[in-house]
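First the proteins, then the strands, lettered A, B, ... as listed; each starts at 1. For clarity, every value in this text was computed on a predicted model and none was experimentally measured.
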Number of protein chains: 2
Amino acid sequence: MAVTPEAKSPAPAAPKARGRRGTRASGDDRERAILETAERLLEERPLAEISVDDLAKGAGISRPTFYFYFPSKDAVVLTIIDRLVADAAEGREEILTALAEQGPRAGLRASLENLYAAFRSRPGVVRAGSDLRPTNEEARGLWSAVMEGWVADVTAVIEFERSRGAAPPGPPAREMAIALVQMNERAQYATLLGEEPSIDRDRVLDLLIEIWLRAIYGEAEPG
Amino acid sequence: MAVTPEAKSPAPAAPKARGRRGTRASGDDRERAILETAERLLEERPLAEISVDDLAKGAGISRPTFYFYFPSKDAVVLTIIDRLVADAAEGREEILTALAEQGPRAGLRASLENLYAAFRSRPGVVRAGSDLRPTNEEARGLWSAVMEGWVADVTAVIEFERSRGAAPPGPPAREMAIALVQMNERAQYATLLGEEPSIDRDRVLDLLIEIWLRAIYGEAEPG
DNA sequence: GAACTCTATCAACACTGTGTCGAGAAGTTC
DNA sequence: GAACTTCTCGACACAGTGTTGATAGAGTTC
């Protein structure tokens with residue numbers, strides 16, 4: 001399999017016109033007001049405790065009018081998440097490049113630090129996305145695509161490091177990548193939302209990186 | 001810190017009388033019928049698509065009568081999950097003992113295999129528990145307690161292996177334990193429910209164990 | 001400037017689901 | 001057979017979602 005530093009996640013979200021049907025109009029203000037209200041409320045309380053009426057009121061319109069702009073509450077949240085994911089993808093450093101320039105530990109750190117910065121600033125939105133998955137197929141698909149992108153990147157890293165002899169052989173690279181990415185997802189989420197148990201906020205990244213390094217570059221014959 | 005092979009998770013769930021108020025009566029049948037209906041339906045479709053009426057109908061009673069036996073749909077699911085968790089805890093082998101008797105790889109494998117067997121047989125219930133967490137405080141607390149138990153066990157293992165010189169020093173044992181347990185939770189869940197991406201069903205355990213071993217027993221100085 | 005069109009708005013409605021109340025049936029105890 | 005407890009459900013009140021249809025205004029078009 002070809003391993004090139006150009007390997008990159010696909011853009012995670014198709015611009016699927018989740019918002020208003022028509023196009024330009026001063027009602028753009030309303031649409032923005034709804035999105036802003038949702039973002040604000042999500043940092044205050046969980047999605048399940050926010051009604052369409054809350055969003056409408058917050059945007060200064062009636063409930064039926066809300067449905068002129070968005071087909072459902074879920075659609076609003078999905079729009080917000082699309083943007084968050086796009087932000088995260090944009091600010092992101094190419095992981096293979098970072099590794100080559102800064103070495104494994106520093107490269108990984110820079111790459112992941114960058115990636116999680118976007119999420120860290122909007123925990124309410126992250127939680128909403130997570131809450132949405134059980135009931136919303138589109139939310140599952142979106143997250144699935146995001147994960148596939150990261151997994152592809154990490155798979156490429158592992159294969160590259162093995163091919164140049166820096167990492168020893170081991171389980172299939174893609175499997176390892178999946179497990180490591182899933183670990184990060186879960187641990188970062190728990191930390192971000194202050195679950196119990198969770199890892200300390202300013203320790204979590206170093207800890208995860210240490211495990212990644214041991215998993216990728218280490219060989220363990222325990223006794 | 002004392003590290004003894006006796007270290008064990010606390011019993012995860014207090015018997016909090018989640019079901020009927022009173023006690024013995026032939027209405028025990030009804031209660032059982034409700035629980036069985038719920039278990040059956042949960043293997044068919046997600047929790048969000050099951051109504052109180054579905055449970056009542058399935059148990060041959062009216063909706064108001066359902067409320068004589070359980071205060072809510074959530075209470076039914078929590079009862080089922082309590083039992084599942086208890087099953088998992090019961091069939092479980094003491095991890096430190098298994099390690100001492102079978103060595104790290106085989107001991108870990110036996111221990112985890114045993115633990116996940118209970119979950120693997122009822123994926124619908126596992127999903128329901130996961131779906132419940134966003135909206136139900138008690139579900140969060142229950143899972144939190146379960147995780148703490150596992151984390152305590154794994155922390156003890158790591159500290160023991162380090163103290164006897166089998167594992168090298170590294171990040172705080174508890175932090176490592178949290179990350180590893182969270183990785184297992186996430187990866188096993190994804191595999192069990194066939195998420196995309198996820199690790200192959202009959203590969204997941206070996207893969208996770210390999211990462212655990214590398215994380216616990218390995219040292220990585222990558223270059 | 002009258003007719004026409006497109007955006008935007010909302011009161012009123014229909015529907016689904018939750019949880020409660022109060023009246024009573026059915027069984028048990030003395 | 002009276003009193004008590006267990007169990008049952010029709011009818012209600014409520015909260016939330018999404019739809020319909022009527023209408024107001026802004027912007028062409030001729």
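- Per the geometry, CZ belonging to A:Phe68 stands 16 Å off P belonging to D:dT20, to the nearest Å.
- Checking the phosphate oxygens (OP1, OP2) of D:dC9, no side-chain nitrogen or oxygen of B:Tyr67 falls inside 4.0 Å.
- Picking from C:dT7, D:dT8, D:dG18 the nucleotide with the shortest atom distance to the side chain of B:Thr65 gives D:dT8.
- Atom CD1 of A:Ile61 is separated from atom P of C:dA11 by 12 Å (rounded to the nearest Å).
- At D:dT8, one or more side-chain N or O atoms of B:Arg30 fall inside 4.0 Å of OP1 or OP2 (strictly under the cut-off).
- Residues from residues 38-58 of chain B placing a heavy atom under 4.0 Å of any atom in DNA chain D do not occur.
- Contact between the side-chain N/O atoms of B:Ser62 and the OP1/OP2 oxygens of D:dC9 is found at a separation under 4.0 Å.
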Criterion side-chain contact (heavy atoms from CB on, under 4.5 Å) on B:Leu55 and B:Phe70, from CA distance to verdict | CA-CA 11 Å; B:Leu55 298 181; B:Phe70 292 94; over 6 Å; no
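- Rounded to whole Å, atom C1' of D:dC7 lies 13 Å from atom CG of B:Asp29.
- Between B:Glu113 and B:Arg120, at least one side-chain N (NZ, or NE/NH1/NH2) sits under 4.0 Å from a carboxylate O, which counts as a salt bridge.
- Looking at A:Arg174 and A:Glu148, a side-chain N of the basic residue comes within less than 4.0 Å of a carboxylate O on the acidic one, giving a salt bridge.
- In terms of heavy-atom proximity, A:Val151 sits nearest to B:Pro197 at CG2-CG, 4.0 Å.
- The two residues B:Met147 and B:Gln182 come nearest to each other via the heavy atoms CE-CG, 3.8 Å.
- Dashed line: the shortest gap from a side-chain N or O of A:Tyr69 to OP1 or OP2 of C:dT7 is not under 4.0 Å.
- Across D:dT17, D:dT19, C:dC21, the shortest atom-to-atom separation from the side chain of B:Pro64 is found for C:dC21.
- Of all the heavy atoms in A:Glu43 and A:Val125, the pair that sits closest is OE2-N, 3.5 Å.
- Straight-line distance from the CD atom of B:Glu31 to the P atom of D:dT6: 14 Å, rounded to whole Å.
- Position along DNA chain D of the nearest nucleotide to B:Gly60 versus B:Arg63 favours B:Gly60 as the more 5'-ward residue.
- Residues A:Ala139 and A:Leu78 share a closest heavy-atom pair of CA-CD2, 3.8 Å.
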